> 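Just dropping this structure here.
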Amino acid sequence: MKRYVLNHLQQLEAESILIMREVAASFAKPVMLYSIGKDSSVMLHLARKAFHPARLPFPLLHIDTGWKFREMIEFRNRTAKELDLDLIVWTNHEGKRDNVNPFDQGSQRYTHIMKTVALKQALDHHGFDAAFGGARRDEERSRAKERVFSFRDRFHQWDPKNQRPELWNLYNSRISKGESIRVFPLSNWTELDVWLYIHHERIPIVPLYLAADRPVVERDGALIMADDERLPLHEGEVPEIRHVRFRTLGCYPLTGAMESDAGSVPEIIEEMLTTRVSERQGRVIDYDEAGSMEQKKKEGYF
Amino acid sequence: MTAPSGEARGVEQYLERYESRDLLRFLTCGSVDDGKSTLIGRLLHDSQMVYDDLLAAARRDTIRHGTTEDEIDFALLVDGLEAEREQGITIDVAYRYFSTPKRIFIIADTPGHEQYTRNMATGASNSDLAIILVDARKGLLDQTRRHAFIASLLGIRHLVVAVNKMDLLGYAEERFEEIRSRFADFAAKLQVTDVDFIPMSALRGENVVRSGESMPWYQGPPLLSFLETVHIAGDRNLIDLRFPVQMVLRPDLDYRGYAGSVASGILRTGDEVMVLPSMRTSRIRRITTFDGDVGEAFSPMAVTVMLEGESDVSRGDMLVHPNNVPQLTREFEAMLVWMAEEPLAIGREYLLKQTTVQVPAIVSDLRYRMNVGTISREQADSLALNEIGRVRVETPRALAIDPYARNKATGAFILIDRLSNVTVAAGMILDREPAESLSARPIAIDAGSNVRTSPGRGIAPAERSTKLGQQPVVVWLTGLPRSGKSSIAYALEGELFKRGKLVAVLDGESLRLGISRDLGFSPRDRAEHVRRAAEIAKMMADLGSIVLAAFVSPTEAERRVAREIIGAGRFVEVYCNAPLEVCEQRDQANLFARARQGEIHNVTGIDAPYEPPLAPDLEIRTAERSVEEAVTEVLRLIL
Ligand SMILES: Nc1nc2c(ncn2[C@@H]2O[C@H](COP(=O)(O)OP(=O)(O)O)[C@@H](O)[C@H]2O)c(=O)[nH]1
């Protein structure tokens, strides 16, 4: 007898599609925040499924800090072209003019100016009322209580004490002028689900996720890739070639690599099932303090 | 492409197994300090999904917060927001993820303090199962009962009662059994299919992931094995097709597709469908997806449907099978969980969202408030934060709804405040009166949509009774054919008439010659016959009359319907009990004889069952009593 049951990946996929369609149908001007990482790749793939055979009913927005890995930018441009996407690239130009960078200002201030402020600028400039993000609840403890539809006030602030209850799949899309909603269609996905899905659907990803020989320097226990000549080398520091890959991708000076032999998606999955280090360890910015993510979120960074 | 190597194929198989696991969503609830966080921490930890660095972070935090001295505090693995960690409480629903090679799990972790109703309802709305924690030392608390009640209200069918901290009671079986039996008594009143009990020590990890050696008397599986194997697929509704249209996709002139997720039932290419609310019919031409067309789709698949011919369908419409339609109505009753600081205002306009429809709505009446502590009803004129009540909801346009108990997807709604835009309530739609659901005829889907009852108009019942000098009552005589119902009814009528009462007999056989002449004796027709009889009895009682209704009415369900239509307060059930042999002897019309020869069918007592009433107001053994004696007994009861 036919079971009429979806497996968990199919269920997650169906749920994400429902969420995306609900947003497209209920908001005047949605946008998809596209970070070029694996979660964004999955989110984009799901969006194509949700609106097939139509084009995506919203543009993609990439906040370019100017310090992304070069391979990320190439991948972004190629993807946009191949899939015929409306891609908006936004940079905080005052920040760029003032040469804000991870080294002189420090990771926190840099992230605030080039990511958080830049994102607010872009959202305000275009008047987007809903923004899809690829965050998952399993990423970090403070996300465990995040809603799928996460309400933001006129200043893009998130108030953990003032979140709307969210029941069934009845999402509340009501907002007043100037307010907005961040939507997380991958809320219920785990890192393992993302990789299994990438594998199953053959979703293209930035090659940096796969292990290869790359020039890195070791700093405070993190392996930082010398992606271009802008990385200031400390005294006596010489980039050495190691076989590494990245679990998450961001600005290259702030993203730690891990030594690995996983050169294909199935190998990554195997490695995941056998290693037990959570993915955020690669992100230098989270090291500061337990609960620091929550702080950033209140300020408007994802 | 080259063929995959042997090793690669091995990996593929391995991945396929991982991809094809089932998903189980469950809820955890318990009072503060029952050990819920410890239990969840245990589940995550012992099932190997706590990554080492998170564990290291928890160790650091343990030292900082100074909660436990040596062991790591598993609770710290799961408590999320900084603010609440400082206050030492969990203030919201938190979602946790873990998996085993068999299943994927999503935990909705809800806190146990006073905000629990809103949080529990939220967590329960998407859960298949609830784990209710009980501290073995404290036993069943009011709080435990509340949790179970809310879980059942939200339609959770499987409860697991985790009796925790068994280590503090020397793993005593008696204590566990005592809690089990007390809870089971209580749960019998709730609408849950399954209740299981597991004794455990979350702190020591006994019966969480591995079996507890300290409790050899417990034969069942530890919690995790239970969660890995519990059968939940049967909970879904695969019968009633409901496809709410989410949006219209029209990339070019040739393609017009209706995108949505199947809420329930199965949708197949070629199916005839009705579009609600327009009630126009069409046929499914194609069911399309990004991965190609499919022949059928079922819940929760997200697909795009193309219809045959011209169709004008938009968001908020629903596709259903024409022979299985939901109610299309502008008013319904529901249980409402109030979730906002500002209390419910009767008569105020809110926004209601149900499936993909959003309409203005008012709560026109609050029938009662549920005291969740005692599970009893009480009078109220508003609902405050975390209160639950039964309400009547009205909308300006018709909604396609089903009772929540039958269909969560079409029976659930939320209310949104128009000014603050906040979600203020969650609602679960209740079944219509059983009288209507038992009806032999399909209910017209616009039935009642133009009709409003107007209470407060007309002559009050009390005025009628004063004028007539009597209280209206319906004596409902049930029993086998020839058991003496009509004889007693007519004798009673004569006696009451003599005493100056307004009285009438309603008897099955005479109704069947008139108002029910379109009905036969199938179970459906019988039910409809009884419904009509009850409606007539009601009208006569409304006029102030005493009504003597003699109907075989062989099932408990039919008599319940009659009682509900007439009103329990003026319904007197009299069971005319006579052995079948006696009835057969009295049978001059040869009803039984003909049935025994197979000439006629559906004769109660021969080839149709009779369910004796469980608690009649009066039972008359007519083989042992004369008609006069029976009349005296009934009169004593009603005058
Ligand atoms: N002896 C014993 N203590 C337990 C057990 N489970 C939890 N506890 C303790 O009970 C207290 C409350 O536990 P916690 O998990 O924070 O409860 P919550 O409020 O329900 O999340 C903590 O001190 C735990 O260590 C158990 O099985 N046995």
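To find a chain, count down the sequence lines: A is the first, B the second, and so on, and within it residues start at 1. Both backbone and side-chain heavy atoms feed into the values below; hydrogens, waters and symmetry mates do not. Small disclaimer: the values here were computed from a predicted structure and weren't measured.
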> Using 0.5 Å steps for rounding, measure from the CE atom of Met301(B) to the CD atom of Gln10(A).
8.0 Å

> Given side chains that start at C-beta, do those of Phe98(B) and Asp138(A) come closer than 4.5 Å, heavy atoms only?
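No, every pair of side-chain atoms sits at 4.5 Å or beyond.
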
> Decide yes or no for Leu46(A) and Phe290(B): does some side-chain heavy atom of the first lie under 4.5 Å from some side-chain heavy atom of the second?
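Side-chain contact under 4.5 Å: no.
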
> Could you check which of Ser176(A), Ser173(A), Pro53(A), Ser26(A) has the highest count of heavy-atom pairs closer than 4.5 Å to chain B?
Pro53(A)

> Is Ile416(B) in contact with chain A via its backbone, its side chain, both, or neither, using a 4.5 Å heavy-atom distance?
side chain

> Side chains of His199(A) and Glu16(B): does their closest heavy-atom pair fall under 4.5 Å?
no

> Look up atom CD1 in Ile269(A) and atom OH in Tyr18(B), then write down how far apart they are to the nearest 0.5 Å.
10.5 Å

> Side chain, backbone, both or neither: which part of Gln354(B) has a heavy atom under 4.5 Å from chain A?
backbone

> Mark yes when over 12 heavy atoms from residues, nucleotides or ligands other than Arg154(A) sit less than 6.0 Å from its CZ; otherwise mark no.
no

> Might you point out which heavy atoms bring Phe51(A) and Leu249(B) nearest each other, and give the distance in Å?
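The pair with the smallest heavy-atom distance is O-CD1, 3.8 Å.
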
> Within a strict 4.5 Å, meaning less than it, do heavy atoms of the Pro300(B) and Leu6(A) side chains meet?
yes

> Search all heavy atoms of Ala25(A) against all heavy atoms of Arg315(B) and return the closest pair with its distance.
CB-NH1, 3.5 Å

> For Glu22(A) and Lys353(B), which heavy atoms make the closest approach, and how far apart are they?
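Heavy atoms of Glu22(A) and Lys353(B) come nearest at OE2-NZ, 2.7 Å.
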
> Between the side chain of Arg21(A) and the main-chain N/O of Gly260(B), is any donor-acceptor distance below 3.5 Å?
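Indeed, once roles are kept as given, a pair shorter than 3.5 Å links the two residues.
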
> Pick one of side chain, backbone, both or neither for Leu9(A), based on which atoms fall under 4.5 Å of a heavy atom in chain B.
both

> What heavy-atom pair brings Trp168(A) and Ser125(B) nearest, and what distance separates the two atoms?
N-OG, 2.8 Å

> Excluding sequence neighbours, so at least two apart, what forms salt bridge (charged side-chain N to carboxylate O under 4.0 Å, His left out) with Asp153(A)?
none

> Which heavy-atom pair separates Pro251(B) from Ala54(A) by the least distance, and what is that distance?
CB-CA, 3.7 Å

> Can you tell which part of Thr122(B) gets under 4.5 Å to a heavy atom of chain A, answering side chain, backbone, both or neither?
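The answer is both parts of Thr122(B).
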
> List the atom of Ile104(B), the atom of Asp193(A), and the distance in Å for their closest heavy-atom pair.
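Closest approach of Ile104(B) to Asp193(A), heavy atoms only: CD1-OD1, 4.2 Å.
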
> Enter the distance from Ile414(B):CD1 to Tyr171(A):OH here, rounded to the nearest 0.5 Å.
10.5 Å

> How many angstroms lie between atom CZ of Arg174(A) and atom CG of Leu419(B), to the nearest 0.5 angstrom?
9.0 Å

> Tell me which of these, Ile17(A), Leu196(A), Leu170(A), has more heavy-atom pairs under 4.5 Å with chain B than the rest.
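Top option by heavy-atom pairs under 4.5 Å: Leu170(A).
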
> Considering only NZ, NE, NH1 and NH2 on the basic side and carboxylate oxygens on the acidic side, decide whether Asp291(B) and Lys49(A) come within less than 4.0 Å.
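Judged by the 4.0 Å cut-off on N to carboxylate O distance, Asp291(B) and Lys49(A) do form a salt bridge.
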
> Is there side-chain contact between Asp22(B) and Gln11(A), with at least one heavy-atom pair below 4.5 Å?
no

> Any non-hydrogen side-chain atom of Leu167(A) less than 4.5 Å from a side-chain atom of Val337(B)?
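Heavy-atom side-chain distance check fails, nothing below 4.5 Å.
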
> Just verifying a value: how many Å separate Leu351(B) CG and Asn172(A) CG, rounded to the nearest 0.5 Å?
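Answer for the CG-CG pair, Leu351(B) versus Asn172(A), is 8.5 Å.
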
> Could you check whether any side-chain heavy atom of Tyr95(B) comes within less than 4.5 Å of a side-chain heavy atom of Ser187(A), counting everything from C-beta outward?
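A side-chain contact is absent here, since even the closest heavy-atom pair is not under 4.5 Å.
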
> What part of Arg250(B) lies closer than 4.5 angstrom to a heavy atom of chain A: side chain, backbone, both or neither?
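Neither part, no heavy atoms under 4.5 Å.
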
> Below 4.5 Å, heavy-atom pairs only: which of Gln163(A), Glu13(A), His200(A), Arg55(A) has the largest tally toward chain B?
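If we count pairs closer than 4.5 Å to chain B, His200(A) comes out on top.
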
> Does any backbone or side-chain atom of Ser127(B) lie under 4.5 Å from a heavy atom of chain A? Answer side chain, backbone, both or neither.
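No part of it gets close to chain A.
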
> Pick one of side chain, backbone, both or neither for Ile266(B), based on which atoms fall under 4.5 Å of a heavy atom in chain A.
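The answer is the side chain of Ile266(B).
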
> So which part of Val303(B) gets closer than 4.5 Å to some heavy atom of chain A, the side chain, the backbone, both or neither?
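The answer is the backbone of Val303(B).
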
> By a 4.5 Å heavy-atom criterion (distance strictly below it), what part of Arg147(A) contacts chain B: side chain, backbone, both, or neither?
side chain

> Counting heavy-atom pairs under 4.5 Å with chain A, which one of Ala121(B), Ala340(B), Ser20(B) comes out on top?
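Heavy-atom pair counts peak at Ser20(B).
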
> Side chain, backbone, both or neither: which part of Arg137(A) has an atom under 4.5 Å from a heavy atom of chain B?
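Arg137(A) touches chain B through backbone and side-chain heavy atoms alike.
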
> Please look at Glu201(A) and chain B and tell me whether the side chain, the backbone, both or neither of the residue comes under 4.5 angstrom of a heavy atom of that chain.
side chain

> Starting at CG of Asn421(B), measure out to CD of Glu179(A) and round the result to the nearest 0.5 Å.
6.5 Å

> Would you mind reporting whether Leu18(A) and Gln246(B) have side-chain heavy atoms less than 4.5 Å apart?
yes

> Checking Arg236(B) against chain A: side chain, backbone, both or neither under 4.5 Å from a heavy atom?
side chain

> Within the side chain of Asn7(A), is there an N or O that forms a donor-acceptor pair under 3.5 Å with the backbone of Arg21(B)?
no

